[in-house]
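Report on one structure; see the data block that follows.
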Amino acid sequence: MGRKDAGEKKISFWGWEFYHQAIELADLILTEADGARCLPLKAPGPDEPVIPPDTNLILSICGLKALGKKGEEVCFRREPSREILNRFGRPSLKSEMPWIVETEDMACLMKYGYVTPLKNAFPNARVVPVCSQADSEKIRRAGENIIEQTGAAEGLVTGNLQEESSFTLF
């Protein structure tokens, strides 16, 4: 979408009028629906994600660098994340401190925080879970496991673009 300075290195939405003008001119529009303050894992806020109603593809992204780390350090919106995990995943998180992120936790947050609610809200859109930061074979397999656990029909595991031989071409 366009870039509009919202302070503190943030980009904000230019408004629906600009969006509809862009639709007429563009073949593809990419919109960030909610941010995570540069953390690899999160739960959505009450009014997130903000997705245009005519969207036909939604990529829900989590960062595999969260695996094995303390949830308090790698998760944005920790309390809503704990609530989702307590309800659908690991009830032991109510008392477990610190919370160490496991593949099951990431799959639970992805499925119940994003994939399922987004499929319900946007029945005509493809909702694709994406696990980024798969920088080793072991982490790639963990990402595939997470996507499988979401029950999504499709998913994507991505690695470190800078290590790709084609990176210097761009």
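Throughout, numbering of the chain's residues begins at 1 and tracks the sequence. Predicted model, so just to flag it, every value in this text is computed and none were measured.
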Could you walk me through whether M106 and L67 pass side-chain contact (heavy atoms from CB on, under 4.5 Å), step by step?
CA-CA 8 Å; M106 292 183 76; L67 287 171; 3.4 Å; yes
For residues L118 and P49, determine if any side-chain heavy atom of one lies less than 4.5 Å from a side-chain heavy atom of the other.
yes
State whether the side chain of S132 and the backbone N or O of C62 hold a donor-acceptor pair below 3.5 Å, judged by distance alone.
yes
Taking a hydrophobic cluster as the set of Ile, Leu, Val, Met, Phe, Trp and Tyr residues connected by side-chain heavy atoms closer than 4.5 Å, whether directly or through intermediates, do I61 and L57 fall within one such cluster?
yes
Using a 6.0 Å cut-off, check whether atom CD of E154 has over 12 heavy atoms from anything other than its own residue.
yes
Residues C131 and G143: closest non-hydrogen pair is SG-O, 3.8 Å
If two hydrophobic side chains count as joined below 4.5 Å and joins carry through other members, does L109 share a cluster with V74?
yes
Considering all heavy atoms, the nearest L64-Q133 contact
N-OE1, 3.4 Å
Any idea which heavy atoms bring M110 and V130 closest together, and the distance?
CE-O, 3.7 Å
I29 and Y19: CA distance, side-chain angles, deciding distance, side-chain contact (heavy atoms from CB on, under 4.5 Å) verdict:
CA-CA 9 Å; I29 296 176; Y19 173 78; 4.2 Å; yes
Could you tell me whether E104 atom CD has more than 12 heavy atoms of other residues or ligands within 6.0 Å of it?
yes
Can you tell me how the ring of W16 sits relative to the ring of H20, calling it parallel under 30°, perpendicular over 60° and tilted otherwise?
tilted
Taking the side chain as every heavy atom from C-beta outward, state whether K69 and I100 have any pair of such atoms under 4.5 Å apart.
no
Does a salt bridge link E83 with R87, judged by any charged N lying under 4.0 Å from a carboxylate O?
no
Do you reckon L41 sits in the same ILVMFWY cluster as V128, going by side-chain contacts under 4.5 Å, direct or chained?
no
Kindly compute the distance separating CZ (R141) from OG1 (T103), expressed to the nearest 0.5 Å.
12.5 Å
Compare all side-chain heavy atoms of P129 with those of I146 and state whether any distance is below 4.5 angstrom.
no
Residues T55 and I58: closest non-hydrogen pair is CG2-CG1, 3.7 Å
Minimum heavy-atom distance between A36 and K42, given as atom pair plus value
CB-CD, 3.6 Å
When hydrophobic residues are tied together by side-chain contacts of less than 4.5 Å, even through go-betweens, does L39 share a cluster with W99?
no
Interatomic spacing from CG in N124 to CG in D54 - rounded to 0.5 Å
11.5 Å
Crowding at CG, D47 (>12 non-hydrogen neighbours, <6.0 Å)
no
Hey, does Q149 have a side-chain heavy atom less than 4.5 Å from the side chain of N145?
yes
Identify the two heavy atoms, one from F76 and one from S81, that lie closest to each other, and give their separation to 0.1 Å.
O-OG, 3.9 Å
Treating Ile, Leu, Val, Met, Phe, Trp and Tyr as nodes and any side-chain heavy-atom pair under 4.5 angstrom as an edge, say whether Y114 and L59 lie in one connected cluster.
no
Is T116 reaching over with its side chain to a backbone N or O of Y112, donor-acceptor style, under 3.5 angstrom?
no
E72 with R82: basic N within carboxylate O range, under 4.0 Å
yes
